[in-house]
Amino acid sequence: MAIRLCVLGSGSKGNSVLVDNGKTRLLIDAGLGARDLKKRLNMAGVDLQDLDGILVTHEHIDHIRALETFSKTATVYAHNHTMQAILERGIELKLSQNFDSECFSIGSMDIETFRISHDAVYPLGYSISDNNSKITYATDMGYCSQEFLTKAQGSDIIMIESNHDLDMLLNGRYPAFLKRRIVSNVGHLSNYACAAAINELAQNGVRKFILSHLSEQNNLPELAYWTIIEYLKNKGANERDIKLYVAEQRQISCCIGCN
Ligand SMILES: [Zn+2]
Ligand SMILES: [Zn+2]
């Protein structure tokens, strides 16, 4: 079976996605409250005991909230520097495995990491593949690095941040320092920047994208969706070949398969 994704939640209040190929089941991030996340995992048809691991992108609370509880049952995988940052926050992990290599395997899945630009100690994105499918996860990034664009090639599905509409952010109620942080190179990706990345990746053959980590204050699902469709149209891309999903904060997504 090819890899399928179920987004358990996405946004500044908590992030987690289930990656499942029938043999191996991973979570990327566990940022919702433990009870809520466990319930959502069950709704996706998976028990906590069934997980082969939890990959952590970075130590911000919206990515690690359930980690301590979940680590009693499933092994947490984090880069050395991120693991240290998690432990320094006083979070105790019962089952954990740190890594510093760019490639490793968990069960039937091969994991490849790449650096992303964000204000955490060592933020990573992940490409995960098995014999017949590949997905890439990249959220929380101030800009799209060339490394991300290269590593994401050949993916069947890319989960990519579409955090804010720039006008909504700049005219919104956030304090100036927070606006500056979000638009900085180590902040979050705007709808427009996401659209440019999708256009480039679509030209290289990627067909499915999940717009993720949408700001509840500074974005709207329809606005993110249509900003990207309009951008693709303007660039002459055949947007009907491309499937866009919008991940939600409050409910789990449908099951999104690689084929
Ligand atoms: Zn973050
Ligand atoms: Zn985040």
Side-chain angles (χ1 to χ4, degrees), residues 5-18 27-41 54-70 78 82 85-86 89 91 116-126 137-144 148 158-195 197 209-225 227-228 244-253:
L5 295 181
C6 179
V7 184
L8 303 178
S10 183
S12 54
K13 293 203 172 77
N15 295 276
S16 186
V17 59
L18 171 68
L27 285 189
I28 304 176
D29 290 333
L32 291 109
R35 199 179 306 165
D36 185 17
L37 190 55
K38 193 167 180 299
K39 202 163 75 186
R40 293 181 189 217
L41 189 60
I54 304 168
L55 294 166
V56 182
T57 57
H58 64 296
E59 73 278 14
H60 288 163
I61 189 68
D62 57 317
H63 298 260
I64 66 166
R65 199 172 269 116
L67 222 48
E68 184 163 305
T69 304
F70 276 28
T82 299
I86 292 168
R89 287 177 166 221
I91 293 169
I116 52 175
S117 179
H118 190 55
D119 53 359
V121 293
Y122 202 84
L124 293 177
Y126 291 102
Y137 178 98
T139 70
D140 299 69
M141 46 187 181
Y143 67 95
C144 279
F148 157 62
I158 296 178
M159 194 158 164
I160 180 172
E161 171 163 56
S162 195
N163 178 259
H164 58 274
D165 174 78
L166 194 56
D167 288 336
M168 280 181 78
L169 174 70
L170 296 179
N171 298 314
R173 285 182 300 163
Y174 274 15
F177 80 90
L178 197 50
K179 290 179 181 178
R180 272 199 301 277
R181 178 202 163 231
I182 291 168
V183 301
S184 78
N185 269 346
V186 291
H188 289 278
L189 207 63
S190 70
N191 293 341
Y192 191 80
C194 174
F209 298 89
I210 308 173
L211 309 182
S212 311
H213 215 301
L214 270 69
S215 167
E216 285 191 320
Q217 286 281 327
N218 305 310
N219 210 351
L220 296 164
E222 304 77 27
L223 185 56
Y225 181 90
T227 300
I228 285 143
L244 290 184
Y245 302 84
V246 184
E248 292 184 64
Q249 182 73 85
R250 290 161 201 271
Q251 57 186 33
I252 71 169
S253 73

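Note that this is a predicted model, so its numbers are computed, not measured.
Residue Ser162 comes nearest to Ala224 through the heavy atom pair OG-CB, 3.9 Å, listed as atom of the first residue, atom of the second, then distance. Residue Ile91 comes nearest to Glu68 through the heavy atom pair CA-OE1, 3.3 Å, listed as atom of the first residue, atom of the second, then distance. Across Cys6 and Ser253, no two heavy atoms sit closer than the pair SG-O, 3.5 Å. Nearest heavy-atom pair across Thr139 and His63 is OG1-CE1, 4.0 Å.
Not a single side chain to side chain donor-acceptor pair (under 3.5 Å) links Tyr126 to another residue, sequence neighbours left out. In this structure, Asp165 has no side chain to side chain donor-acceptor pair (under 3.5 Å) partners at least two apart in sequence or on a different chain. Listed by chain and residue number, Glu248 satisfy the side chain to side chain contact (heavy atoms under 4.5 Å, CB included) test with Gln251 (two or more places apart in sequence, or in another chain). Not a single side chain to side chain contact (heavy atoms under 4.5 Å, CB included) links Lys39 to another residue, sequence neighbours left out. Scanning for side chain to side chain donor-acceptor pair (under 3.5 Å) contacts around Asp167 gives an empty result, with sequence neighbours left out. Applying the salt bridge (charged side-chain N to carboxylate O under 4.0 Å, His left out) rule to Arg173 yields no partners; only residues at least two apart in sequence or on another chain are considered. Under the rule for a side chain to side chain contact (heavy atoms under 4.5 Å, CB included), the partners of Thr227 that lie at least two apart in sequence or sit in another chain are Asn191, Leu223. For Tyr174, there are no ring pair (Phe, Tyr, Trp, His ring centres under 6.0 Å) partners, not counting sequence neighbours. Shown here are the side chain to side chain donor-acceptor pair (under 3.5 Å) partners of Arg250, two or more places apart in sequence or in another chain: Glu216. For the ring pair (Phe, Tyr, Trp, His ring centres under 6.0 Å) test, residues two or more places apart in sequence or in another chain that qualify with Tyr192 are Tyr231. Taking the side chain to side chain contact (heavy atoms under 4.5 Å, CB included) definition, one finds that Arg181 meets it with His60, His118, Asp119, Leu178, His188, sequence neighbours left out.
Side-chain atoms of Gln249 come within 3.5 Å of backbone N or O of Gly14 as a donor-acceptor pair. In this structure, Arg40 contributes its side chain and Ile252 its backbone to no donor-acceptor pair below 3.5 Å.
Taking CE of Met159 as the reference point, atom OH of Tyr245 lies at 13.0 Å (rounded to 0.5 Å). Note: Met168 CE to Asn218 CG = 6.0 Å, rounded to the nearest 0.5 Å. In this structure, SG in Cys194 is found 4.0 Å from CD1 in Ile160, a value given to the nearest 0.5 Å. In this structure, CD1 in Ile116 is found 11.0 Å from OH in Tyr143, a value given to the nearest 0.5 Å. Between the CG atom in Leu32 and the CZ atom in Phe70 there is a gap of 8.5 Å [rounded to 0.5 Å]. The NE2 atom of His164 sits 8.5 Å away from the CG atom of Asn219 when rounded to the nearest 0.5 Å.
Side-chain atoms of Thr69 and Leu37, non-hydrogen and from C-beta on, never get closer than 4.5 Å to each other. Within the 4.5 Å cutoff, no side-chain heavy atoms of Ile228 are placed close to those of Phe209. Side-chain contact check for Asp140 versus Pro123: every heavy-atom pair is 4.5 Å or farther apart. Residues Asp62 and His213 are in side-chain contact: their nearest non-hydrogen atoms beyond the backbone lie under 4.5 Å apart. At a threshold of 4.5 Å between non-hydrogen side-chain atoms, the residues Val17 and Ser10 do not count as touching. Between Asn15 and Tyr137 the shortest side-chain heavy-atom distance falls below 4.5 Å. When side chains are defined from C-beta on, Asn163 counts as touching Ile182, because their heavy atoms get closer than 4.5 Å.
Of the residues Leu18, Ile210, Val246, the one that meets the side chain to side chain contact (heavy atoms under 4.5 Å, CB included) test with Val7 is Ile210.
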>> Assess the residue pair Leu169 and Val183 against the criterion (side chain to side chain contact (heavy atoms under 4.5 Å, CB included)); give the C-alpha distance rounded to whole Å, side-chain angles, the decisive distance to 0.1 Å, and a yes or no.
In response: CA-CA 9 Å; Leu169 174 70; Val183 301; 3.4 Å; yes
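Within 6.0 Å of NZ on Lys179 lie more than 12 heavy atoms contributed by other residues, nucleotides or ligands.
Inspection of the Asn185 and Ser117 side chains reveals no N or O donor paired with an N or O acceptor under 3.5 Å.
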